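Everything below concerns the one structure shown next.
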Amino acid sequence: SSIPEATNLDGESEATKKLYGLEDDTNKGFARNCLMARRLLERGVRFVQIFNGGAFGSPRINWDGHENIRENHDTQAATMDQPVAGLLADLSQRGLLEDTLFVWNTEFGRSPVTQGLNSTGRDHHPSVFTSFLAGAGVKAGLTFGSSDDIGYDVAEHPVTIPDFHATLLHLLGLDHERL
């Protein structure tokens with residue numbers, strides 16, 4: 001019964017709507033999702049997941065840059081840059097980032113070489129990719145690990161999937177060794 005109120009953005013200030021980029025047609029949909037995430041967190045929802053991308057077709061309009069990685073990823077980044085920055089700033093300003101773990105992640109990276117001759121796309125690459133965490137006690141500004149010069153392999157501080165999961169569980173206050 002509380003969902004209609006939680007998802008109604010009419011009561012949000014113009015400054016908040018601008019912070020998320022709701023007036024920009026490029027990112028309006030994702031901005032709305034980010035603002036709704038904040039509203040749900042304010043109301044005690046313990047887990048919120050937001051997806052960016054997922055529309056298929058040719059060319060794909062998502063992060064799956066098989067055809068033209070530069071154009072594809074530039075377009076996708078434009079849909080999420082301001083809304084994510086707005087969400088993080090809003091959560092921080094409201095004191096919600098102290099106990100909210102923000103995880104930006106993907107299922108894999110993109111290969112450092114093209115996907116075939118004369119291709120501008122890139123194939124899946126599970127060996128190296130970027131994740132970022134914020135809130136819930138994560139040390140701000142910390143960078144951990146790096147790739148080699150072309151992004152093919154981990155150069156220092158590899159993080160395994162179990163280690164990444166253990167980090168998330170620790171930040172959520174769960175002892176992963178006792179689960």
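Quick caveat, the model's predicted, so the values are computed rather than measured.
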Would you compute the distance between atom OG1 of Thr120 and atom CG of Asn72 and round it to the nearest 0.5 angstrom? 9.5 Å
With sequence neighbours left out, which residue pairs that include part of residues 169-179 fulfil the side-chain hydrogen bond (donor to acceptor under 3.5 Å, both in side chains) condition? none
Nearest 0.5 Å, what's the CG-CZ distance between Leu172 and Phe47? 9.5 Å
Roughly how far, to the nearest 0.5 Å, is OG1 of Thr100 from CG of Leu171? 12.0 Å
Under a 3.5 Å threshold, yes or no: a donor from one side chain and an acceptor from the other, between Gln76 and Asn52? yes
Only distances under 3.5 Å count here; give the side-chain donor-acceptor pairs of residues 82-97 to other protein atoms, sequence neighbours excluded, each with its distance to 0.1 Å.
{"from": "Gln82", "atom 1": "NE2", "to": "Lys18", "atom 2": "O", "distance (Å)": "2.8"}
{"from": "Gln82", "atom 1": "NE2", "to": "Leu19", "atom 2": "O", "distance (Å)": "3.4"}
{"from": "Asp90", "atom 1": "OD1", "to": "Arg94", "atom 2": "NE", "distance (Å)": "2.6"}
{"from": "Asp90", "atom 1": "OD2", "to": "Tyr20", "atom 2": "OH", "distance (Å)": "2.7"}
{"from": "Asp90", "atom 1": "OD2", "to": "Arg38", "atom 2": "NH1", "distance (Å)": "2.8"}
{"from": "Arg94", "atom 1": "NH1", "to": "Glu42", "atom 2": "OE2", "distance (Å)": "3.0"}

Would you give the length of the straight line joining atom CG of Asp123 to atom CZ of Phe108, rounded to the nearest 0.5 angstrom? 8.0 Å
Side chains of Asn68 and Arg70 in contact at under 4.5 Å (non-hydrogen atoms): yes
On a heavy-atom basis, which atom in Val128 and which in Ser147 lie closest, and how many Å separate them? CG1-CB, 3.5 Å
Are side-chain N/O atoms of Asp153 and Ser127 paired as donor and acceptor at under 3.5 Å? no
Write down the atom of His125, the atom of Ser111, and the distance for their closest heavy-atom approach. CB-N, 3.2 Å
Counting only N and O atoms by type, is there a donor-acceptor contact under 3.5 Å from the side chain of Arg39 to the main-chain atoms of Asn8? yes
CZ of Phe129 to CG of Asn105, rounded to nearest 0.5 Å, is 5.5 Å
Rounded to the nearest 0.5 Å, the CG atom of Asp74 sits from the CG atom of Asp81 at a distance of 11.0 Å
Nearest non-hydrogen partners of Val159 and Phe164, listed with the distance: CG1-N, 3.8 Å
Under 30°, 30 to 60°, or over 60°: which ring-plane class applies to Phe132 and Trp104, parallel, tilted or perpendicular? parallel
When every non-hydrogen atom of Ser119 is compared with those of Gly121, the smallest separation belongs to OG-N, 3.0 Å
Closest heavy-atom pair and its distance - Lys17, Leu9: CE-O, 3.3 Å
NZ/NE/NH1/NH2 to OD/OE distance under 4.0 Å, Asp64 and Arg110: yes
